[in-house]
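These notes concern the structure reproduced below.
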Number of protein chains: 2
Amino acid sequence: MPAAKLLLVEDDPALSELLEFRFENEGYDVRATADGDEALILAAEEVPDLIILDWMIEGTSGIEVCRRLRRDKTTAHVPIIMLTARENEDDRIRGLDTGADDYMTKPFSPRELLARVAAVMRRIRPALAGETIEVGDIRLDPVGHKVDRRNKALQLGPTEYRLLKFFMESPGRVFSRNQLLDGVWGTGSDIELRTVDVHIRRLRKAIEVEGTKDPIRTVRSAGYAMEAV
Amino acid sequence: MPAAKLLLVEDDPALSELLEFRFENEGYDVRATADGDEALILAAEEVPDLIILDWMIEGTSGIEVCRRLRRDKTTAHVPIIMLTARENEDDRIRGLDTGADDYMTKPFSPRELLARVAAVMRRIRPALAGETIEVGDIRLDPVGHKVDRRNKALQLGPTEYRLLKFFMESPGRVFSRNQLLDGVWGTGSDIELRTVDVHIRRLRKAIEVEGTKDPIRTVRSAGYAMEAV
DNA sequence: GGGCAATGTTACACCTTCACGACAATCATA
DNA sequence: TATGATTGTCGTGAAGGTGTAACATTGCCC
């Protein structure tokens, strides 16, 4: 099960360890580093779902890390929560200017940080927050890996499940085959474009229930989308 | 039910007594002391489930107590809520850096402290020590380390027991093999992923009772989950 | 309707994942 | 120390999932 990936950039070992523990306890997949340059490398290696970034860190400064993350296309969209020391208002202003989504001033309660992270997750990708998604008459429970339609349990293979989940996270949106390959199979997968068609077909068959319509729309020469039926 | 154990470290006798009363009233098992060194001894004697720690106490200072608790392996994981005087922001910074989980500034309402303690308890121990858990027809008594199904006592090995308990604390939830290793074997255990399969099989066999269905669901390429059958 | 490109469908060989049995090492206990 | 229970690892085979090509069908533009 793909847990939400967090990148924690904090150079106080005690705080870093505490937060890492708390977040892992909540089911997040956490990577931590104290160094700005290493943070950029980690973010490039495996794009996280959210970044928690301390402003005062060794190596490249927080503000610079933030700027570079925003410049790189693969990480430009990743939400950033920054941690600023005390009431340094200048930092906050520059931080938000640079592209941070939210900030917390030290000292903060870990509980509050957890809450904000959860809020961001719900906003960005509901499934990552463990919430069941509903599109039309189809319901997907990411925690239990279960899908049902009209209260009838569906049986999906792993790829079919991932594909359906990907669609349900952005209902109505059209995805090209390349976008689907990136999102479902992972960036850098070396797979024939047409293979997507086959999995679409398999998914369609798997979510077929007596008396329902096919929720997957083919958009000719563009890709596929899922509609609320 | 064997109550959750609280350690209260507070040197204002009036406040200490008030809190002790309130918490005992809520069913907690409270130990109180006004002295930092004694707190460390008490914590070592019997590891509490949560520590409420005033920052300004006699003997060893709050910050030092916190640090030592975190250093000792047996108490490193115990959540700490610290009580600080309103004005002293530096303390809060150092406190959270040192490893406290949460803080409350004096004066605070006892009701709010109770709420936070309850929240921490729910997070740390979903099946609070003593509460027998029931999932479907399986009943687990954590005090007596006993498990039965349809009133028939089951015989489990230690690992099978921990694994079952882990599942029963979050019924329906799918866990990856890595999550199971972390949760059941402990973080940093150096064990083959596939070993989990074997223990799943042993657990399945151990909880097999004539005329019942297997409550453990295999989720291909994701992990395992336990269902209420 | 003809021609063309895009998509639907099927079949199949290949690969991954999991259940199961066996076994040696370790631990607990008498 | 001896005995039995427990534990971690490996190999094997079966079940199921995956990617690809080949062929059928559909939609579109003229």
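Below, chain A is the first sequence line, B the second, and so on; all start at residue 1.
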In whole Å, I'd like the distance from the [atom1] atom of [X] to the [atom2] atom of [N].
{"X": "E160(A)", "N": "dT18(D)", "atom1": "CD", "atom2": "P", "result": "7 Å"}
{"X": "D214(B)", "N": "dC18(C)", "atom1": "CG", "atom2": "C1'", "result": "13 Å"}
{"X": "K205(B)", "N": "dT7(D)", "atom1": "NZ", "atom2": "P", "result": "15 Å"}
{"X": "L193(B)", "N": "dT16(C)", "atom1": "CG", "atom2": "C1'", "result": "14 Å"}
{"X": "I191(A)", "N": "dT16(C)", "atom1": "CD1", "atom2": "P", "result": "12 Å"}
{"X": "R177(B)", "N": "dT9(D)", "atom1": "CZ", "atom2": "P", "result": "14 Å"}

Review point. Base, sugar-phosphate, or nothing for Y161(B), non-hydrogen atoms under 4.0 angstrom?
Key: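 Touches nothing.
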Point to revise | Along DNA chain D (nearest heavy atom to each residue), the more 5'-positioned of L156(A) and R220(A) | key: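 Final value for this comparison: L156(A).
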Check your understanding: Is the W185(B) ring parallel, tilted or perpendicular to the H199(B) ring (thresholds 30°, 60°)?
Key ->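 If you compare the ring of W185(B) with that of H199(B), the planes turn out perpendicular.
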Practice item. Please work out whether the ring planes of Y161(B) and H145(B) are parallel, tilted or perpendicular, with thresholds of 30° and 60°. Key: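 Correct class here is parallel.
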**Study point:** Residue pair R162(A) / S221(B), side-chain donor-acceptor N/O under 3.5 Å
**Key:**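 Note: R162(A) and S221(B) side chains miss the donor-acceptor criterion.
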Check your understanding: Is there a donor in the side chain of T212(B) and an acceptor in the side chain of R149(B), or the other way round, less than 3.5 Å apart?
Key ->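 Short answer, yes.
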**Study point:** Where R204(A) and I216(A) come nearest, the two heavy atoms and their spacing
**Key:**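 Nearest heavy atoms, R204(A) then I216(A): NH2-O, 3.0 Å.
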Can you see if the side chain of [X] gets near the phosphate of [N] - specifically, an N or O under 4.0 Å from OP1 or OP2?
{"X": "W185(A)", "N": "dT18(D)", "answer": "no"}
{"X": "T159(B)", "N": "dT7(D)", "answer": "yes"}
{"X": "T218(B)", "N": "dA19(C)", "answer": "yes"}
{"X": "Y224(A)", "N": "dG8(C)", "answer": "yes"}

Is a side-chain N or O of [X] found less than 3.5 angstrom from the main chain of [Y], in a donor-acceptor match?
{"X": "R70(A)", "Y": "A76(A)", "answer": "yes"}
{"X": "D141(B)", "Y": "T132(B)", "answer": "no"}
{"X": "R217(B)", "Y": "G144(A)", "answer": "yes"}

**Study point:** Nucleic acid footprint by protein, nucleotides 24-30 of chain C - heavy-atom cut-off 4.0 Å, B for base, S for sugar-phosphate alone
**Key:** -------
Practice item. Going by the side chain to side chain contact (heavy atoms under 4.5 Å, CB included) test, name the single residue among L83(A), I80(A), L7(A), I81(A) that passes it with L53(A). Key: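 Going through L83(A), I80(A), L7(A), I81(A) one by one, the side chain to side chain contact (heavy atoms under 4.5 Å, CB included) with L53(A) is satisfied by I80(A) alone.
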Point to revise | Members of residues 194-204 of chain A that approach DNA chain C, where some heavy atom sits under 4.0 Å away | key: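 Listed by number, they are R194(A), D197(A), V198(A), R201(A), R202(A), R204(A).
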